[in-house]
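Input: a single structure, listed below in structure tokens.
Start at 1 and go down the list; that is how both ligands and their atoms are numbered. Quick note: numbers below take in every heavy atom, side chains included, and nothing from hydrogens, waters or symmetry partners.
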Amino acid sequence: MDVEPFLAEEEIAARLAELAAEIRGAYGDSRPLLVGILKGSFVFLADLGRELGPEYPVDFMAVASYDGASSSGAPEIRLDLRTEIRGRDVLIVEDIVDSGNTLRYLLQALREREPRSIRVVTLLFKPASFQGSERPAFIGFEIPPDFVVGYGMDLDEKWRNLKHIGKLIQNKTDS
Ligand code: IMP
Ligand code: MG
């Protein structure tokens, strides 16, 4: 496998400034709790959070990954929030929404805790593979259903720390 350039650091940074403005505009005086979904969102959350400003609290969750074949089973919470969210505005920060299954489960689990509001910002969204009914409120880029890596996103823990986002391409020698 190899990686070809897809979104450059500068394109990502420019879009994050716009996203931060959208988010500020949508929340008015409220500062939602930013909930990063580990591991993939850690780079996006670091950059978006600094773009939003120092008043935004941050917490993390981790959800067990599942392979496509067994995706009917609900993913499991592996690391939970340390923050009480009842009555608060919560903004889930995702690296990428693909089928939307992970998100559907997370939204369901967090809504039981009765936050004042819960919305989602995702850097990347694949409309062609999305099977959910609720699109994320804030979307960085809509992309084709190809596998991407970098900027926090991995394939088997590889390429997570790339500064840009790349697309995986099959080498002739791979098969
Ligand atoms: P979903 O439940 O199908 O929406 O998948 C969401 C999760 O799958 C993401 O948070 C990622 O961890 C992973 N994922 C989906 N597509 C990609 C991709 O193109 N690159 C890296 N990870 C991905
Ligand atoms: Mg993820």
Side-chain angles (χ1 to χ4, degrees), residues 1-9 11-13 15-16 19 23 32-49 51 58-81 85 90-112 115 118-171 174-175:
M1 294 282 212
D2 223 332
V3 172
E4 67 179 24
F6 179 54
L7 291 168
E9 282 182 77
E11 290 175 81
I12 298 168
R15 184 67 187 118
L16 288 209
L19 265 185
I23 291 168
L33 173 69
L34 305 178
V35 174
I37 309 306
L38 295 172
K39 299 176 190 172
S41 75
F42 80 106
V43 178
F44 177 43
L45 176 53
D47 284 349
L48 181 70
E51 200 62 57
V58 172
D59 204 345
F60 290 97
M61 290 181 84
V63 179
S65 52
Y66 51 86
D67 50 8
S70 59
S71 65
S72 51
E76 191 190 340
I77 294 177
R78 287 283 168 81
L79 173 76
D80 207 341
L81 296 174
I85 61 168
V90 173
L91 181 58
I92 296 178
V93 179
E94 263 286 26
D95 49 351
I96 182 161
V97 175
D98 185 26
S99 71
N101 287 334
T102 307
L103 203 56
R104 181 156 34 91
Y105 169 71
L106 262 174
L107 285 169
Q108 189 187 324
L110 292 181
R111 279 186 176 130
E112 287 173 10
I118 184 158
R119 284 192 261 198
V120 177
V121 56
T122 186
L123 178 63
L124 304 179
F125 181 63
K126 295 179 179 173
S129 32
F130 187 62
Q131 291 171 5
S133 50
E134 274 178 278
R135 277 169 58 105
F138 310 97
I139 293 172
F141 299 92
E142 292 200 0
I143 65 166
D146 305 321
F147 203 84
V148 294
V149 293
Y151 201 72
M153 292 168 284
D154 72 310
L155 177 65
D156 298 334
E157 292 301 324
K158 216 176 155 191
W159 291 298
R160 227 187 251 293
N161 293 337
L162 269 184
K163 291 184 177 179
H164 66 280
I165 296 173
K167 247 181 209 179
L168 281 187
I169 47 171
Q170 198 87 6
N171 284 327
D174 282 347
S175 51

Where the closest heavy atom to atom 23 (C) of ligand 1 is concerned, which of Val63, Ile96, Ile143 has it? Ile96
Enumerate the atoms of ligand 1 whose separation from the nearest heavy atom of [X] is less than 4.0 angstrom.
X	result
Lys126	16 (N), 17 (C), 18 (C), 19 (O)
Ser99	1 (P), 2 (O), 3 (O), 4 (O)
Thr102	1 (P), 2 (O), 5 (O), 6 (C)
Asn101	2 (O), 4 (O)
Glu94	10 (O)

Look at ligand 1 and say whether [X] reaches it with a heavy atom at a distance under 4.0 Å.
X	value
Val149	no
Asp146	yes
Gly100	yes
Lys39	no

Keeping Arg15 on the side-chain end and Ile139 on the backbone end, is there a donor-acceptor pair under 3.5 Å? yes
Looking only at atom types and distance, does a side-chain atom of Arg78 sit under 3.5 Å from a main-chain N or O of Ala62, one as donor and one as acceptor? no
To the nearest 0.5 Å, tell me how far [X] [atom1] sits from [Y] [atom2].
X	Y	atom1	atom2	result
Ile12	Phe6	CD1	CZ	10.0 Å
Lys126	Asp98	NZ	CG	4.0 Å
Ser129	Asp146	OG	CG	9.5 Å
Met61	Leu81	CE	CG	4.5 Å
Ile77	Leu106	CD1	CG	6.5 Å

Within the structure provided, determine whether Glu134 and Val120 are in side-chain contact (heavy-atom separation under 4.5 Å). no
Classify the contact between Asp95 and ligand 1 as side chain, backbone, both or neither, using a heavy-atom distance cut-off of under 4.0 Å.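 The side chain, only.
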I'd like to check whether [X] has a polar contact with ligand 1, where a contact means an N/O of the residue lying under 3.5 Å from an N/O of the ligand.
X	answer
Asp154	no
Val148	yes
Leu103	no

Phe44 and side chain to side chain contact (heavy atoms under 4.5 Å, CB included): which single residue from Val121, Thr122, Leu124 fits?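 Option passing the side chain to side chain contact (heavy atoms under 4.5 Å, CB included) with Phe44: Val121.
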